Asks: 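Sharing a structure with you now.
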There are 2 protein chains.
Amino acid sequence: MNDRLPIRRPTIAAVAASAGVSKATVSRYFNHEQLLTPDIAARVKKAIEELDYAPSPMAQALSRGRSRLIGLIVADITNPYSVAVLRGAEKACQEAGYLVMLFNLGNAIGREREAIDALAGYQVDGFILNTLGRGAGVMEALARNGKPAVLVDRRHAGMTADFVALDSADAMVAACEHLVGNGYRELMYVTEPKKGVSSRRERATAFSKYVSSHATRVAGQVFEHSEESESLLEDAMRALILRAKAAKDGRRAAVISGNAVVTLRIASMAAKCHWAFGADLGFLGFDDPEWASLIAPGLSAIAQPTDAIGRTAATCLIDRLHGEEAPPRQILLPGQLVVRGSSSARAGRTQ
Amino acid sequence: MNDRLPIRRPTIAAVAASAGVSKATVSRYFNHEQLLTPDIAARVKKAIEELDYAPSPMAQALSRGRSRLIGLIVADITNPYSVAVLRGAEKACQEAGYLVMLFNLGNAIGREREAIDALAGYQVDGFILNTLGRGAGVMEALARNGKPAVLVDRRHAGMTADFVALDSADAMVAACEHLVGNGYRELMYVTEPKKGVSSRRERATAFSKYVSSHATRVAGQVFEHSEESESLLEDAMRALILRAKAAKDGRRAAVISGNAVVTLRIASMAAKCHWAFGADLGFLGFDDPEWASLIAPGLSAIAQPTDAIGRTAATCLIDRLHGEEAPPRQILLPGQLVVRGSSSARAGRTQ
DNA sequence: TTGTACGCGTTATCAA
DNA sequence: TTGATAACGCGTACAA
């Protein structure tokens, strides 16, 4: 039952023969039906149905130069953010009749070129990129293949392409104002190593800017946390808490996390050190993972509109494919502040 | 700078012309280099490098009938399990020189056929399926396209294909023995609606079997939990706890969760009702999400070897593509019991 | 060993 | 309006 080798789907030639017309006529039935005599069209239609014929997208791609394929390159599919975006993008693509070819970099920077070329080989019509962005070969590879791209979350310096992301600066201000409004004045922003990643840089910058423009009331520092600096982070947080206590003016300490990965680290550290969020330590994190409400007393968060980001990226790209010629767009989507117990105004539990 | 339209990558004809040979010779350079004179091979090589030529996989696919593409159909990309498997599979595919075309069903059963046909249109060489499995058109569509497939996690009744999944029965026994060994004798297994999903059925069956074969010491029930039955579940859990207390023989109550989605529900319910895991209520869940250790006092779990499952599925499929003709295999991978505080022997916190 | 010519399944040009 | 025919970019019998 599984003789899988020589099974061939019917071709346009078979339909043409069966309908007693030429291949060109069958092709026209799909692409320019208006040009066909009703009588002929009906015959072709019948043959198509009898044979259960469907055009081969591959052959179409070869002939037309367009494939209805979209290449999606993602820095790290382990990252829930990437997956959430992927989901929105894939859905929008499907709805527009495009299929997604996926390439996961697995955080292997430097494979960006390889990925672009591999996907371009299959004639993908365009790219959605969520990559590390050392930028090196990327621009060149994109240009060489002459295909449009839209960047997600991470923009490449000097690359002129559509860009979709969270409005980090706006979100950071909202986060800071919320915390400060609730009495947290000793702030620390913890981010993964900024390196070249634009979203990380922009959030850190927005944080620093907020702090310096409210220097009279608020103190703040940026902490770059990498896998190895676990104990350094613990020390920094401990110091932060002590500083707030030492101030004697009732100010409280709070940590802002740059993304869900960092949030996970901080939450497990807090559990280990028996720091109570919302009491000893305020907390608010970028990204709103499903488990945020489960960590007592609930982790406050900036929820990213990941689905909309993915969807926007896809439709934006597809617009380009349909001939949209506008200059590169920068689409920043607003985050949503989700308040839970970890950033409460008064110490203690907040269901 | 973004004149993306008429950029054409060099073709085999261009290389042939540049090297002063025929297209066939260039083709042979890639596919049968042994047949070439060193001198000629060198000339071809030079031309290839100068033009930065790479064969078009699309055209190759059309010509050979094989595309080095693998279609991956997933029931619901929102499910972390699916993503984890996807990750392993995509990696293995990449390493073997295959690219993945992704199709997410978004839990829309009935789109399976559509997905298979869409992917088959692009000449994917084979399928990796993690779908709902009403089975209806699936077998037919697969047969019609004559392409091999490997099933992941969910097997289709009557479909003879390779199958890769967690060894659910074995894992369930391990889970039960662990709980019973720690004094939990009043058990409840909570699963999403079993419907046609084989993995859910198998786990429930294994649970029932364990309970009935230890009926003298252990009581157990299966609870099918759907989105709407939130309050029913709460009632059931409350009753479970009371039953254990009422028994007066020191037996304790424990819940086993069928997957991470259910775990999330139960954890938030426990928080709401102020049930303390490991004290009032034992807990152990299938799937070991990253946040399992953060829920006090740590959620015990059966960790699935998701990466290995994905990787195994992919290599298994690729073996078939390379001519492997063995009868359909059933590959069951062992889960790993991760013990944390939620299933501790004595009440109280267990770091 | 190398080249010629045809096929893979479409679309598009140009006559008819 | 419809039908040959030539691309599209590549592999491969077959001939040289």
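As a basis for the values below, the full set of heavy atoms in this structure was taken, side chains included, without hydrogen atoms, waters or symmetry mates. The chains referred to below are lettered A, B, ... by the order of the sequence lines, with proteins before strands, and numbering in each begins at 1. The shown structure was predicted, so the numbers you read here are calculated from the model rather than taken from an experiment.
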Asks: Do B/Q60 and B/R66 have a side chain donor and acceptor closer than 3.5 Å?
Replies: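 Absent: no donor and acceptor within the cut-off.
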
Asks: Assess the side chains of B/D39 and B/T37: does a donor N or O sit below 3.5 Å from an acceptor N or O?
Replies: no

Asks: Does B/Q123 or B/A41 map to a spot on DNA chain C nearer the 5' end, using the closest nucleotide for each?
Replies: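 Closest to the 5' end, via its nearest nucleotide, is B/A41.
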
Asks: Is the shortest side-chain N/O distance from B/H32 to OP1 or OP2 of C/dT1 below 4.0 Å?
Replies: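 No, because none of the side-chain N or O atoms of B/H32 sits under 4.0 Å from OP1 or OP2 of C/dT1.
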
Asks: Among the candidates D/dG9, D/dT2, D/dG3, find the nucleotide nearest to the side-chain atoms of A/A24.
Replies: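 Given the options D/dG9, D/dT2, D/dG3, the side chain of A/A24 is closest to D/dG3.
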
Asks: Would you mind reading off the distance between B/R66 atom CZ and D/dG9 atom P, rounded to a whole angstrom?
Replies: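 Distance, rounded to whole Å: 21 Å.
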
Asks: Provide, to the nearest angstrom, the distance between the CD1 atom belonging to A/I12 and the C1' atom belonging to C/dG7.
Replies: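 It works out to 16 Å between those atoms.
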
Asks: NA contact type, B/V26, heavy-atom cut-off 4.0 Å: base, sugar-phosphate, or nothing?
Replies: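 The answer is nothing, as B/V26 stays clear of every strand by at least 4.0 Å.
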
Asks: Is there, by distance only and without an angle test, a donor paired with an acceptor across the side chain of B/R28 and the base of C/dG3 below 3.5 Å?
Replies: yes

Asks: Would you mind reading off the distance between A/K23 atom NZ and C/dG9 atom P, rounded to a whole angstrom?
Replies: 10 Å

Asks: Between the base of D/dG9 and the side chain of B/S63, is there a donor-acceptor distance below 3.5 Å?
Replies: no

Asks: Less than 4.0 Å between a side-chain N and a carboxylate O, is that true for B/E140 and B/R113?
Replies: yes

Asks: For D/dG3, take OP1 and OP2 only and decide whether either is under 4.0 Å from a side-chain N or O of A/S22.
Replies: yes

Asks: When you measure from the side-chain N and O atoms of A/T37 to the phosphate of D/dT2, is any distance below 4.0 Å, counting only OP1 and OP2?
Replies: yes

Asks: Any side-chain N or O of A/T25 below 4.0 angstrom from OP1/OP2 of D/dT2?
Replies: no

Asks: Rounded off to whole Å, could you give me the CZ-to-P distance for the A/R43 and D/dT1 pair?
Replies: 16 Å

Asks: For A/R9 and C/dT10, give me the distance from atom CZ to atom C1', rounded to whole Å.
Replies: 15 Å

Asks: Rounded to the Å, how far apart are A/F30 CZ and C/dA12 P?
Replies: 14 Å

Asks: Just to be sure I understand the rule, does A/L62 reach a base, reach only the sugar-phosphate, or reach nothing, if contact means heavy atoms closer than 4.0 Å?
Replies: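 Base contact.
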
Asks: Regarding A/R87 and B/T78, is there a side-chain donor-to-acceptor distance under 3.5 Å anywhere?
Replies: yes

Asks: Tell me whether A/E90 is salt-bridged to A/R311, with the criterion being a basic N under 4.0 Å from an acidic carboxylate O.
Replies: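 So A/E90 does not pair with A/R311 through a salt bridge.
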
Asks: Is B/Q60 near enough to D/dG11 that one of its side-chain N or O atoms lies under 4.0 angstrom from OP1 or OP2?
Replies: yes

Asks: Report the distance from atom CG of A/L35 to atom P of C/dA16, rounded to the nearest whole Å.
Replies: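 Interatomic distance, CG of A/L35 to P of C/dA16: 20 Å.
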
Asks: How many Å lie between CG on A/L51 and C1' on C/dG9, as a whole number?
Replies: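 Whole-Å distance recorded here is 15 Å.
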
Asks: Does a side-chain N or O of B/R8 approach OP1 or OP2 of D/dG9 to a distance below 4.0 Å, or not?
Replies: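 Yes.
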
Asks: B/S27 side chain: which of C/dG9, D/dT12, C/dT2 is closest?
Replies: D/dT12

Asks: When you check the phosphate oxygens OP1 and OP2 of C/dG9, does a side-chain N or O of B/Y122 lie under 4.0 Å from one of them?
Replies: no

Asks: Does B/Y29 put a side-chain nitrogen or oxygen below 4.0 Å from OP1 or OP2 of C/dT1?
Replies: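 No, because none of the side-chain N or O atoms of B/Y29 sits under 4.0 Å from OP1 or OP2 of C/dT1.
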
Asks: Between B/R111 and A/Q94, do the side chains contain an N or O donor and an N or O acceptor separated by less than 3.5 Å?
Replies: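 Yes.
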
Asks: Select base, sugar-phosphate, or nothing to describe what A/A54 touches, counting heavy atoms under 4.0 Å on all strands.
Replies: sugar-phosphate

